[in-house]
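Working notes, beginning with the structure itself.
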Amino acid sequence: MLQIAKELLGKILVTRFDGQLTSGRIVEVEAYNGVIDKAAHSFGGRRTNRNEVMYADGGVAYVYLCYGIHHLFNVVTHSKDTPHAILIRALEPVKGIDEMLYRVRKLKLDNSLTRGPGNLSKALGIFTKHNGLSLRSKDLYIGDDGFEYAKKEIAASPRIGVDYAGDDALLPYRFYVKGNPYVSGKIK
DNA sequence: GAGTAGATCCTCT
DNA sequence: GAGGATCTACTCA
């Protein structure tokens, strides 16, 4: 599971909504470990309408609205009935930067465009209606251009914003590219 | 520059 | 009816 999280770093996340193609290279992820992770929605086998998608086969998107403001984009990674997911926290913009800037009402590119899960979802045009969408569809997919980060460029740390999860909040399930300006800097 | 409070709404109890 | 996988802005030093 953690292996998959690391492999996602360096991949290209592509969306094509409203005829606008936008994409970015994944530079920060967090792993959520199914039923034994207090920080995961699926902890203890909880299964509701909201997180039903986590129990699907891997390769679909799990999109969820948090704090009424932020859309969080996850990749379901495991097989049916095993609710593992990887939260995409940050991207480095690749294509469609003008379109992304328009979506977040910015005039010029800066590091905050795709830093943090709320911002990156907004920049890519991802909303809750994309929940459950396959990542092999033509409008939303993860590409691989052969690029990968060296092991020494990848660092691990505790996850962000999951203080309520007790001991599990300290697990080093967050992976990011060292020195990349799009990685969110807040470490609690 | 650092720390804190407020925003804001869907989902589950 | 309460709280959450967050971000931003504003205050204070």
Side-chain angles (χ1 to χ4, degrees), chain A residues 1-2 4-6 8-9 13 24 26-56 58 60-78 82-93 100-133 135 142 155-177 180-188:
Chain A
M1 205 269 298
L2 297 180
I4 296 174
K6 285 186 230 179
L8 278 174
L9 290 173
L13 176 63
I26 298 168
V27 297
E28 183 182 0
V29 299
E30 285 181 6
Y32 284 86
N33 193 15
V35 298
I36 61 171
D37 185 348
K38 291 197 192 77
H41 291 151
S42 50
F43 172 68
R46 264 198 338 230
R47 185 166 186 159
T48 64
N49 287 334
R50 180 176 65 164
N51 67 15
E52 178 65 28
V53 173
M54 292 182 80
Y55 290 82
V60 299
Y62 173 40
V63 184
Y64 155 63
L65 180 66
C66 185
Y67 297 96
I69 306 173
H70 304 293
H71 294 270
L72 277 60
F73 177 74
N74 304 250
V75 179
V76 179
T77 56
H78 215 280
T82 306
H84 289 183
I86 311 288
L87 169 65
I88 309 297
R89 286 192 53 87
L91 301 173
E92 180 181 330
M100 289 192 257
L101 289 173
Y102 170 77
R103 284 173 181 153
V104 297
R105 303 289 183 264
K106 282 180 183 296
L107 295 177
K108 64 181 175 58
L109 180 64
D110 67 23
N111 294 344
S112 67
L113 178 61
T114 53
R115 180 172 60 186
N119 288 338
L120 88 85
S121 301
K122 193 172 176 186
L124 289 177
I126 295 170
F127 298 100
T128 49
K129 72 174 186 178
H130 303 116
N131 188 37
L133 210 58
L135 292 172
I142 289 179
S157 83
R159 291 170 296 185
I160 291 175
V162 293
D163 294 343
Y164 65 89
D167 293 343
D168 287 341
L170 302 175
L171 294 171
Y173 280 180
R174 172 173 174 255
F175 300 98
Y176 60 97
V177 179
N180 189 295
Y182 291 98
V183 172
S184 54
K186 283 203 289 189
I187 301 175
K188 287 184 179 177

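Within every chain, numbering begins at 1; the chains are lettered A, B, ... in the order of the sequence lines, protein sequences first and strands thereafter.
The interatomic distance linking A/Ile160 (CD1) with C/dG4 (C1') rounds to 16 Å, in whole Å. Spacing between atom NZ of A/Lys122 and atom C1' of C/dT8 amounts to 11 Å, rounded to whole angstrom units. The CG atom of A/Asn33 sits 16 Å away from the P atom of C/dA5 (whole-angstrom rounding). Look at CG on A/Leu113: it is 13 Å from P on C/dC7, rounded to the nearest Å. The separation between A/Leu87 atom CG and C/dA5 atom C1' is 6 Å, rounded to whole Å. The CZ atom of A/Arg174 sits 13 Å away from the C1' atom of C/dA5 (whole-angstrom rounding).
As judged by a 4.0 angstrom heavy-atom cut-off over every strand, A/Tyr62 is placed among the base-contacting residues. Among the protein residues, A/Asn119 comes within range of the sugar-phosphate backbone only, with heavy atoms under 4.0 Å from sugar or phosphate atoms but none that close to a base.
In this structure, A/Arg89 contributes its side chain and A/Val183 its backbone to no donor-acceptor pair below 3.5 Å. No donor-acceptor pair closer than 3.5 Å links the side chain of A/Asp37 to the backbone N or O of A/Tyr32. Without hydrogens or angle criteria, A/Arg159 side chain to A/Ala31 main chain gives a donor-acceptor distance under 3.5 Å. A donor-acceptor pair under 3.5 Å is absent between the side-chain atoms of A/Arg115 and the main chain of A/Tyr182, judged by distance alone. Of the possible polar contacts, one joining the A/Ser42 side chain to the A/Gly34 backbone as a donor-acceptor pair under 3.5 Å is found. With hydrogens and angles ignored, the 3.5 Å screen pairs no side-chain donor or acceptor of A/Asn119 with any backbone N or O of A/Leu113.
Of the residues A/His71, A/His70, A/His41, the one that meets the ring pair (Phe, Tyr, Trp, His ring centres under 6.0 Å) test with A/Tyr64 is A/His41. The residue from A/Glu28, A/Arg174, A/Glu30 that alone fulfils the side-chain contact (heavy atoms from CB on, under 4.5 Å) condition with A/Ser157 is A/Arg174.
Checking the phosphate oxygens (OP1, OP2) of C/dA5, a side-chain nitrogen or oxygen of A/His41 falls inside 4.0 Å.
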What's touching nucleotides 10-13 of chain B from the protein side, N or O pairs under 3.5 Å?
unit_1	atom_1	unit_2	atom_2	d
B/dC12	OP1	A/Thr48	OG1	2.2
B/dC12	OP1	A/Arg50	N	3.2

> If you write DNA chain C from 5' to 3' in dot-bracket form, with Watson-Crick or G-U pairs under 3.5 Å, [ ] for crossing pairs and | for pairs with another strand, what do you get?
Replying inline: ||||.|||||||.
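The aromatic ring of A/Tyr67 is not stacked on the base of B/dA7, since the criterion of ring centres less than 5.5 Å apart with planes inclined by under 30° is not met.
Of all heavy-atom pairs spanning A/Leu8 and A/Ile26, the tightest one is O-CB, 3.5 Å.
Closest to the A/Ile69 side chain, of the nucleotides C/dT6, B/dT8, C/dA5, is B/dT8.
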